Amino acid sequence: MILALTLAIVLGTMAGAMLYGQRQARAKTMAEWAVGGRKFGVLIFWFLNAGEIYTTFAVLGISGYAWAYGAPAYLAFCSVSLSATLGYWLMPRIWEAGRKYDLVTQADFFATHYKATWLGVVVGVSGICALVVYVQIQIVALSMIVRLTLGPEVAPLTAALIAAGVMLAFVYVAGLRSAAFAAGVKDVLMVVIMIGLCATVASKVGAGSMLDVYRLAQDTHPGIGSFPGLQPEAGLSTTWLMTAALNVALGNWILPHMFQLCFSAGSKATIRRNAIWQPLYSLSYFFIILMGFGALLAGTQPAGGDTNAVLLQFVSDSYPAWAVGLFAGTACLLALVPGSVLLLTSGSIFSRNVVLPFKPDLTERQTLLISRLSMVAFAGVAVWLTLGGSKSLVEIGLSAYAAVGMLAPGVFLAFTWPRAHAAGVFAGIVAGYCALLLPQAQELWNLILPQWDHGLIAMAVDGAVAVVACLAIPARRAATPAIA
């Protein structure tokens, strides 16, 4: 029954998504395939944008973080609200620049604004690297669900390949429109299923109500509801919370797929309405953390202590097969929808901003074909990373935010400081990655700024170096105004 229900949800959604995408308009151009023709309305944009909150990072990752660490899972509450606040200011500006200059990718923005094709190549490669790390999250989650439904005897490599294949098939034909349809389906299903699970979790762990689950967790695991949580040695203090939440908020709209998503809206009003209401989605984390605490009270022990599998294991142990099947199928969509958008964005960037500058005579059809074929390669890299990694989904996600955060100063400077230029922005990117990746830098930050999120520190270094370089190095060409 578990396998049948999972397949029914996934295959049904895939069929509906592809039919919807092809009925609306067969994707024949990059703009149609990658940004939906720039005409998504409030509802579709809501499910693609605000619906990004309901991903495997949120549902499986945060619940597992609550099970393992306790209070540090509250990071989810802070980062979503801060991101929406910043998005109200930033997203309409990104949309306006995209509409004015016919931009499709984030790297297009850098290349056009700073009048430097080479900077677009640099940003494109950096963005693809960050996106592949983020795809890894979805492959990890899908692999676990594949093994839950098909049995633990399925090899990790086989599970990962199946996960990648389903994700590629999902987005290959109709592009962003398929993901938009499926985003609505998965959000509605997940809300209904989470309400059902949370309404019954108290009876599964001997509590009188949902709030009583929190009380029992505090009584049986003192310190779980306050910082630094259940594992003080992990360094997840209030300092870590504030710096990590700020880094996620500053980097959220810099993620290439979120940046590109801004181009798909039909108007600025659509974007601002979503930003106003998006923080309401963060309330859902109350229920996700509740399930993590419930799993802890139930004594759930996933194989190998894998925090990513906590919620799947708890539901599998405590609920009937039909409930497990519904949850597994919906959890597949949680990985499938964002994963397909991530691959789509990677393919768009690769064809337009990495290949096209070196072969400018490519036709629109050839560019679209390269985008679709390159997704296979990026999915393969994500599978390879999945097989060699053992981090929690939250840790992988924070790594992706840290990596893409090195592009943030270049975006903010484009909208706030006319003197910023390509050479200065590039100097900042190089300095930022050095501050983020060099072991010596890591040791220095641990010494002088203990428990700070290293991604935020590196972003600050990036911004400071970019400003100094822009002041010290004369601009060869004036930047293109990002906004009329």
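None of these values were measured; they are calculated from a predicted model.
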Can Lys115 and His421 be said to form a side-chain contact (heavy atoms from CB on, under 4.5 Å), step by step?
-> CA-CA 9 Å; Lys115 294 184 178 178; His421 55 71; over 6 Å; no
For ring pair (Phe, Tyr, Trp, His ring centres under 6.0 Å), just list the numbers for Phe415 and Phe109, CA-CA rounded to whole Å, side-chain angles, deciding distance to a tenth of an Å, and then say yes or no.
-> CA-CA 11 Å; Phe415 292 116; Phe109 173 83; 5.4 Å; yes
Evaluate side-chain contact (heavy atoms from CB on, under 4.5 Å) for Leu82 paired with Asn252, printing each intermediate quantity in order.
-> CA-CA 10 Å; Leu82 287 173; Asn252 187 62; over 6 Å; no
Passes side-chain contact (heavy atoms from CB on, under 4.5 Å), Ser346 versus Met375? Steps please.
-> CA-CA 7 Å; Ser346 300; Met375 292 193 305; 5.9 Å; no
Do Phe45 and Leu261 pass the side-chain contact (heavy atoms from CB on, under 4.5 Å) test, and can you show the C-alpha distance, the side-chain angles, and the key distance before you say yes or no?
-> CA-CA 8 Å; Phe45 191 77; Leu261 188 61; 4.1 Å; yes
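The side-chain contact (heavy atoms from CB on, under 4.5 Å) with Gln260 is formed by just one residue from the set Leu103, Ile94, Thr105; it is Thr105. Here the rule is side-chain contact (heavy atoms from CB on, under 4.5 Å) with Asn353, and of Asp108, Val123, Thr117, Val121 only Asp108 fits it.
By the 4.5 Å heavy-atom criterion applied to side chains, Val404 and Pro256 are counted as neighbours. His113 is not listed as a side-chain neighbour of Tyr101, based on a closest heavy-atom distance of 4.5 Å or more. The shortest side-chain heavy-atom distance between Ile254 and Gln106 falls under the 4.5 Å cut-off. Looking at heavy atoms from C-beta onward, Ile370 lies in side-chain contact with Phe350 at the 4.5 angstrom threshold. A 4.5 Å side-chain heavy-atom check between Ile128 and Thr345 finds every atom pair outside the cut-off. Counting heavy atoms from C-beta on, the side chains of Phe110 and Val411 come closer than 4.5 Å. Within the 4.5 Å cutoff, side-chain heavy atoms of Asn247 are placed close to those of Asp453. Side-chain atoms of Pro357 and Trp118, non-hydrogen and from C-beta on, never get closer than 4.5 Å to each other.
In this model, a donor atom of one side chain and an acceptor atom of the other lie less than 3.5 Å apart for Thr200 and Tyr319. A donor atom on one side chain and an acceptor atom on the other are not found under 3.5 Å apart for Thr386 and Gln136. Counted by atom type alone, Thr270 and Ser267 present one or more donor-acceptor pairs between their side chains at under 3.5 Å.
Of the inter-residue distances, the one linking Leu334 atom CG with Gln138 atom CD reads 9.0 Å to the nearest 0.5 angstrom. Leu296 contributes atom CG, which lies 10.5 Å from atom CZ of Phe314 (distance to the nearest 0.5 angstrom). Atom OG1 of Thr56 and atom CG of Leu333 lie 11.5 Å apart (nearest 0.5 Å). Note that CZ of Arg272 is 9.5 Å distant from CE of Met91, once rounded to the nearest 0.5 Å. Separating the CG atom in Leu131 from the CG atom in Leu343 is a distance of 9.0 Å, to the nearest 0.5 Å. Atom CG of Leu90 sits about 11.0 Å away from atom CE of Met258, to the nearest 0.5 Å.
Residues Lys268 and Pro92 come closest through the heavy atom pair CD-CB, 3.8 Å. Of all heavy-atom pairs spanning Ile349 and Gly124, the tightest one is CG2-CA, 3.4 Å. Ala335 and Leu142 get closest at one heavy-atom pair: CB-CG, 3.5 Å. Closest approach of Val310 to Ala295, counting heavy atoms only: CG1-CB, 3.6 Å. Among all heavy-atom pairs drawn from Leu413 and Ala420, the shortest one is CB-CB, 3.9 Å. Nearest heavy atoms, Gly347 versus Ser371: O-OG, 3.1 Å.
Side chain of Glu395 to backbone of Ser392: a donor-acceptor contact under 3.5 angstrom is found. Under the 3.5 Å distance criterion, the side-chain polar atoms of Tyr88 are left unmatched by any main-chain donor or acceptor of Asn274. Here the side chain of Ser63 pairs a donor or acceptor atom with the backbone of Leu60 at under 3.5 angstrom. Although no hydrogens or angles enter the test, the distance criterion places no donor-acceptor pair under 3.5 Å between the side chain of Tyr134 and the main chain of Gly339.
Aromatic ring centres of Phe286 and Tyr214: separated by under 6.0 Å. Taking the ring centroids of Tyr285 and Tyr74, they lie at or beyond the 6.0 Å cut-off. Aromatic pair Phe412/Trp417: ring centres not closer than 6.0 Å.
Shown here is Trp89, whose CH2 atom has more than 12 heavy atoms of other residues, nucleotides or ligands within 6.0 Å. Summarising the local packing, CH2 of Trp452 is surrounded by 12 or fewer heavy atoms from other residues, nucleotides or ligands at distances under 6.0 Å.
Aromatic ring pairs are classed by plane angle as parallel below 30°, tilted from 30° to 60° and perpendicular above 60°; the pair Phe259 and Phe263 is perpendicular.
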